*Asks:* 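Take a look at the following structure, please.
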2 protein chains.
Amino acid sequence: MSAAWAVAREQGLAQLTLREVAARVGMRAPSLYTHFASKHAIYDAMFADAWTQYLEVDEAAGADELVGARAVLRHSARTFFDFAVADLARHQLMNQRTIPGFEPSAEAYGPAVAVLDRFRSQLAGFGITNEEDVALATAIIGGLVDQQLANDPGGDRWSRLVDRVVDMLADNLGLPPDNPEETS
Amino acid sequence: MSAAWAVAREQGLAQLTLREVAARVGMRAPSLYTHFASKHAIYDAMFADAWTQYLEVDEAAGADELVGARAVLRHSARTFFDFAVADLARHQLMNQRTIPGFEPSAEAYGPAVAVLDRFRSQLAGFGITNEEDVALATAIIGGLVDQQLANDPGGDRWSRLVDRVVDMLADNLGLPPDNPEETS
DNA sequence: GTCTATACACCGATAGAC
DNA sequence: GTCTATCGGTGTATAGAC
């Protein structure tokens, strides 16, 4: 698995080959079929691994301990953005349909669903329960990530917009400013 | 070219093969090298073709003839969204980095730059000249498109959010409501 | 069980005959 | 300009050694 991640990072997710992964663990390509049913099964395990990684990162980030809806959302968005931008191959696997014909299995989707549920309940804590609002929030943050990786990899042209976007979203959702005596 | 588009639509952009394209025009694969230097050269021509298509669609849509900044932006956003969602393979080529190692040539970028310049001058007409605001607008609409195609292809879960997102953006940009006697 | 050796069908690309 | 033949690469399958 870690060999597979290394190859994906170095050569690109789609350029991952069984022969290269096998070579890094001192094997020949066909031997991998003892452990994985196919190349897609490797992607599947990586997909689950990546979302499990993020679930732990998100829990460790402790956004829930902050005071104020906007502060919590800003922190969650920043955590997601930074995690996604830090590893292009991982992000392509987690959030895009880069690999032709690859669809994660139901088991692999488990941790991804857990992450989304965490976000949903976070929003619910601020009275946001509408599914449409959740879809809006994920789309907007995802849009920033995609633009950053596609058009300014390694830079910060869209990274600098994360806080602004969260506040824009909070305004649209009708969330009050965190500090009551402030007016926007 | 039209054969290439047909293959990309039917089998996926990345599954496009020279043999299949050649077969559809009554040739063998190597003969294509007389007309294109490589497979990437075909992608390059398709990239330019797609953005040229959109440039024409956008000009024909006539958003500029509408009255009111928000109405214009809503119309432009809808035009872009519908065009992108109508053809997954085309959108992957135009707006994502789906093909490993493929980077459009400077010539192929021409029409794409023209489209962006059109959008930029549209915003400038409403007093929006900050590059950051342009980046924000493109990221947000792009985010909707990606979510729609990835998580609800053929549906309308994010399509329904286009107007709302444009108004959210307009609020953030400080654009007044189109109808002066209305208050948000 | 675990791995190797071998094979197959496909890919993009090139060389050279016509 | 198009062909055939071929090369090195890929994912994948299977037979058989240990």
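In this text, all values refer to a predicted model and were calculated from it rather than measured experimentally. Letters go in sequence order (proteins before strands), and every chain restarts at 1.
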*Asks:* Check whether any side-chain heavy atom of B:Tyr33 lies under 4.5 Å from a side-chain heavy atom of B:Leu18, and answer yes or no.
*Replies:* yes

*Asks:* Nearest-Å distance, NE2 (B:His40) to C1' (C:dC11)?
*Replies:* 13 Å

*Asks:* Assess the side chains of B:Ser105 and B:Asp44: does a donor N or O sit below 3.5 Å from an acceptor N or O?
*Replies:* yes

*Asks:* Quick check: do A:Lys39 and A:Leu16 have side-chain heavy atoms less than 4.5 Å from each other?
*Replies:* yes

*Asks:* May I ask you to test the A:Asp171-B:Asp171 pair for a side-chain heavy-atom distance under 4.5 Å?
*Replies:* no

*Asks:* Nearest-Å distance, CZ (B:Phe36) to P (D:dG1)?
*Replies:* 13 Å

*Asks:* In whole angstroms, how far is the P atom of C:dG12 from the CD1 atom of B:Ile99?
*Replies:* 11 Å

*Asks:* Check the interface with nucleotides 16-18 of chain D: list each N/O to N/O pair with the protein under 3.5 Å, or write none.
*Replies:*
none

*Asks:* Would a 4.5 Å heavy-atom cut-off, applied to side chains only, mark B:Leu175 and B:Leu73 as touching?
*Replies:* yes

*Asks:* What residues in residues 28-35 of chain A put a non-hydrogen atom under 4.0 Å from any atom of DNA chain C?
*Replies:* A:Arg28, A:Pro30, A:Ser31, A:Thr34, A:His35

*Asks:* When you check the gap from the basic side-chain N to the acidic O, do B:Arg90 and B:Asp49 get nearer than 4.0 Å?
*Replies:* no

*Asks:* Does anything in residues 146-174 of chain B form a ring pair (Phe, Tyr, Trp, His ring centres under 6.0 Å)? List the pairs, not counting sequence neighbours.
*Replies:* none

*Asks:* Would you say the side chain of B:Leu123 lies within less than 4.5 Å of the side chain of B:Val134, judging by non-hydrogen atoms?
*Replies:* yes

*Asks:* Taking side chain as C-beta onward, heavy atoms only, is A:Asn151 less than 4.5 Å from B:Thr138?
*Replies:* no

*Asks:* Any ring pair (Phe, Tyr, Trp, His ring centres under 6.0 Å) pairs touching residues 89-137 of chain A, not counting sequence neighbours?
*Replies:* A:His40-A:Phe102, A:Tyr43-A:Phe102, A:Phe47-A:Tyr109

*Asks:* Tell me whether B:Arg120 is salt-bridged to B:Asp117, with the criterion being a basic N under 4.0 Å from an acidic carboxylate O.
*Replies:* yes

*Asks:* Can A:Asp163 and A:Arg70 be counted as an ion pair, charged N to O under 4.0 angstrom?
*Replies:* no

*Asks:* DNA chain D: A:Ala37 or B:Met27, which has the more 5' nearest nucleotide?
*Replies:* B:Met27

*Asks:* CD of B:Glu65: more than 12 outside heavy atoms within 6.0 angstrom?
*Replies:* no

*Asks:* Using C1' atoms of five pairs at each end, report the bend of the helix from C:dG1-D:dC18 to C:dC18-D:dG1 rounded to 10 degrees.
*Replies:* 10°

*Asks:* Got a sec? Which of residues 14-25 of chain A come in under 4.0 Å of DNA chain D, heavy atoms?
*Replies:* A:Leu16, A:Thr17, A:Leu18, A:Arg19

